[in-house]
There are 2 protein chains.
Amino acid sequence: MTEGTDRVGGGAGKGDAREAVAPRRVTMTPGARRVLGAAARLFYDRGIHAVGVDLIAAEAGVTKKTLYDRFGSKEQIVVEYLADRDERWRVFLAGYLDAAPTPRDKAVAVFAASRDWAVGHMAKGCGMVNAHAEISDPAHPAYAIIAGQKAWMLGLFTGLAAEVVPRGAERLGRTLMLLHEGALVASGLRVFPGAIEQARRDAEELLRRAAAVDPAHG
Amino acid sequence: MTEGTDRVGGGAGKGDAREAVAPRRVTMTPGARRVLGAAARLFYDRGIHAVGVDLIAAEAGVTKKTLYDRFGSKEQIVVEYLADRDERWRVFLAGYLDAAPTPRDKAVAVFAASRDWAVGHMAKGCGMVNAHAEISDPAHPAYAIIAGQKAWMLGLFTGLAAEVVPRGAERLGRTLMLLHEGALVASGLRVFPGAIEQARRDAEELLRRAAAVDPAHG
DNA sequence: GCTGAAGTAGACCGATCTGTATACCTGCTT
DNA sequence: AAGCAGGTATACAGATCGGTCTACTTCAGC
């Protein structure tokens with residue numbers, strides 16, 4: 001299972017945004033792009049099962065024939081929606097990662113990226129988690145995308161943690177992962193305001209203490 | 001049968017399990033109980049919108065007429081499902097809380113309760129978070145139950161934190177909340193094995209350090 | 001000038017959705 | 001003995017679901 005999914009990259013946690021994910025079977029014509037845009041908004045806001053293809057087509061300003069000519073099925077639209085969201089997030093995150101000089105800064109930058117990404121993109125929590133709530137079959141093609149993003153994020157955190165502390169990196173990376181996931185949920189559910197920012201500060205403190213115990217690296 | 005059955009009491013985090021939630025409008029006949037049981041399993045496993053009332057009735061061994069005579073609508077079944085799940089969880093948690101002597105132990109016991117509750121009850125993450133993913137309208141009656149449980153959990157954590165550290169209790173309580181929510185998500189998504197147990201240990205360490213800084217209380 | 005890709009417009013299909021109706025049966029309680 | 005709550009069995013209604021189909025249009029490239 002845990003085959004070396006991806007290098008989290010020494011310097012800048014890079015990684016192909018589409019590793020191991022089936023290549024795009026859809027030719028992205030202008031109409032298809034509008035369909036994907038409308039579907040992304042509707043699926044995220046209202047839930048996947050609650051949105052019909054007729055509504056997607058209407059919101060996209062295309063006919064159902066165009067929709068089916070491009071995507072073939074609703075399931076494929078769901079897959080493209082999740083794959084596209086995953087890709088956009090990784091690109092967005094890469095900017096924050098590249099701007100952070102040290103591994104510790106990079107780890108903290110993930111939270112800053114999520115905090116900023118949440119504005120306009122995550123009013124209802126993590127799209128992957130929400131999609132997972134509606135998918136029961138692990139054989140569903142969307143499953144791999146969801147699990148893939150989470151595995152990649154965990155790899156990113158543990159990889160960065162390994163550069164902060166030689167020993168106990170897995171433990172630290174996992175704790176950062178828990179903090180991050182919890183922040184997304186708390187933000188989406190509006191449990192308290194500024195959840196992601198608080199998680200960012202918590203991560204900062206956690207990393208500072210971890211580095212203090214083992215000050216080999218900065 | 002609809003009286004405020006349980007009280008979660010303990011050192012902190014008091015609150016009726018049904019505070020501010022509409023009283024049960026449904027008379028729980030044997031048939032209604034079977035409907036609720038079947039609906040709970042199906043809603044959690046497959047998602048709310050993916051499950052039809054015909055399937056619920058069939059799985060419950062009841063006709064659709066009985067189902068509608070008791071609940072009136074599918075929406076009401078959803079509400080009862082969430083209210084019932086919330087109540088069961090609070091009762092389950094109360095046992096762990098009562099058995100823990102100190103506030104610190106109680107806070108850690110929440111994670112232990114979730115870890116044990118997950119066996120058989122939470123293979124797909126938090127039912128409230130998953131339901132939230134499928135509900136778009138904040139005016140939906142289920143919304144209050146979902147938000148109510150999260151607010152209650154936050155109050156529980158911050159209340160216990162206040163007994164550990166006089167100052168910075170809100171910050172500590174919120175961090176515990178983030179850790180806990182993240183653990184539920186990571187457990188449901190199977191990001192890595194033993195997520196809730198690791199969160200329990202993280203919370204333990206966090207509370208020990210917090211108490212060490214301000215050793216007024218145990 | 002023709003072809004093919006990308007599109008609109010809209011009818012249509014069978015299945016499934018939530019919800020209702022009619023008729024009958026059973027076991028308690030008064 | 002009567003009445004009623006709780007139930008079975010089943011048919012039905014109107015809407016919506018995912019998906020297909022025919023016919024026509026527009027436009028770029030060879």
Side-chain angles (χ1 to χ4, degrees), chain A residues 24-82 131 133-137 139-142, chain B residues 1-2 24-82 131 133-137 139-142:
Chain A
R24 185 154 284 170
R25 301 173 186 133
V26 178
T27 57
M28 285 302 262
T29 63
R33 230 175 293 271
R34 263 150 51 217
V35 166
L36 195 52
R41 184 172 47 79
L42 290 167
F43 283 158
Y44 182 79
D45 289 343
R46 308 191 192 181
I48 292 170
H49 286 310
V51 172
V53 289
D54 297 78
L55 179 59
I56 295 173
E59 292 275 306
V62 293
T63 58
K64 265 182 16 164
K65 181 171 179 301
T66 297
L67 185 150
Y68 275 98
D69 280 350
R70 295 299 125 233
F71 293 91
S73 71
K74 179 185 176 182
E75 186 178 81
Q76 189 62 30
I77 301 179
V78 173
V79 169
E80 293 299 325
Y81 152 58
L82 292 172
E134 296 200 69
I135 297 174
S136 49
D137 180 18
H140 193 291
Chain B
M1 216 74 338
T2 58
R24 185 153 285 170
R25 303 180 184 119
V26 178
T27 56
M28 285 302 264
T29 64
R33 230 177 293 273
R34 263 149 53 218
V35 167
L36 194 53
R41 184 171 47 79
L42 290 166
F43 283 158
Y44 182 78
D45 288 345
R46 308 190 191 181
I48 292 170
H49 287 309
V51 173
V53 289
D54 297 79
L55 179 59
I56 295 173
E59 292 276 305
V62 154
T63 59
K64 265 182 14 167
K65 181 170 180 299
T66 297
L67 186 150
Y68 275 98
D69 280 350
R70 294 298 124 233
F71 294 91
S73 70
K74 180 185 176 181
E75 186 177 83
Q76 189 62 30
I77 301 179
V78 173
V79 170
E80 294 298 326
Y81 151 59
L82 292 172
E134 296 200 69
I135 296 173
S136 49
D137 180 18
H140 193 292

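FYI, side chains are in, hydrogens and waters are out, and symmetry mates aren't considered; it's all heavy atoms of this structure. Just so we're on the same page: letters track the sequence lines, and every chain starts at 1.
Counting to the nearest Å, the C1' atom of dG18(D) and the NE2 atom of His49(A) are 13 Å from each other. Tyr68(A) has its OH atom 17 Å from the P atom of dT22(D), to the nearest Å. To the nearest angstrom, P of dA6(C) lies 13 Å from CZ of Phe71(A). When the P atom of dC17(D) is taken as reference, atom CD of Glu75(A) falls 18 Å away, rounded to whole Å. Spacing between atom CG of Leu67(B) and atom P of dA21(C) amounts to 16 Å, rounded to whole angstrom units. Residue Ile48(A) contributes atom CD1, which lies 15 Å from atom C1' of dG18(D) at whole-angstrom precision. For the pair Asp54(A) CG and dT20(D) P, the computed distance is 13 Å after rounding to whole Å. Taking atom CD1 of residue Ile56(B) and atom P of nucleotide dG19(C), one finds them 11 Å apart after rounding to whole Å.
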Every protein N/O within reach of nucleotides 6-13 of chain D N/O, cut-off under 3.5 Å:
| from | atom 1 | to | atom 2 | distance (Å) |
| --- | --- | --- | --- | --- |
| dG7(D) | OP1 | Thr29(B) | OG1 | 3.2 |
| dG7(D) | OP1 | Gly31(B) | N | 2.6 |
| dG7(D) | OP2 | Thr29(B) | OG1 | 3.1 |
| dG7(D) | OP2 | Arg70(B) | NE | 3.3 |
| dT8(D) | OP1 | Gly61(B) | O | 3.1 |
| dT8(D) | OP2 | Thr63(B) | N | 3.3 |
| dT8(D) | OP2 | Thr63(B) | OG1 | 3.4 |
| dT8(D) | OP2 | Thr66(B) | OG1 | 2.8 |

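In this structure, Arg70(B) and Val26(B) approach most closely via the heavy-atom pair O-CG1, 3.5 Å. Annotation for Phe71(A) and Gln76(A): closest pair O-CB, 3.2 Å, computed over non-hydrogen atoms. Here the closest non-hydrogen pair linking Ala133(A) and Ala133(B) is CB-CB, 4.3 Å.
A 4.5 Å side-chain heavy-atom check between Thr66(A) and Asp69(A) finds every atom pair outside the cut-off. A 4.5 Å side-chain heavy-atom check between Phe43(A) and Leu82(A) finds every atom pair outside the cut-off.
Side-chain atoms of Arg46(B) never come within 3.5 Å of backbone atoms of Ser136(A) as a donor-acceptor pair (strictly under, hydrogens ignored).
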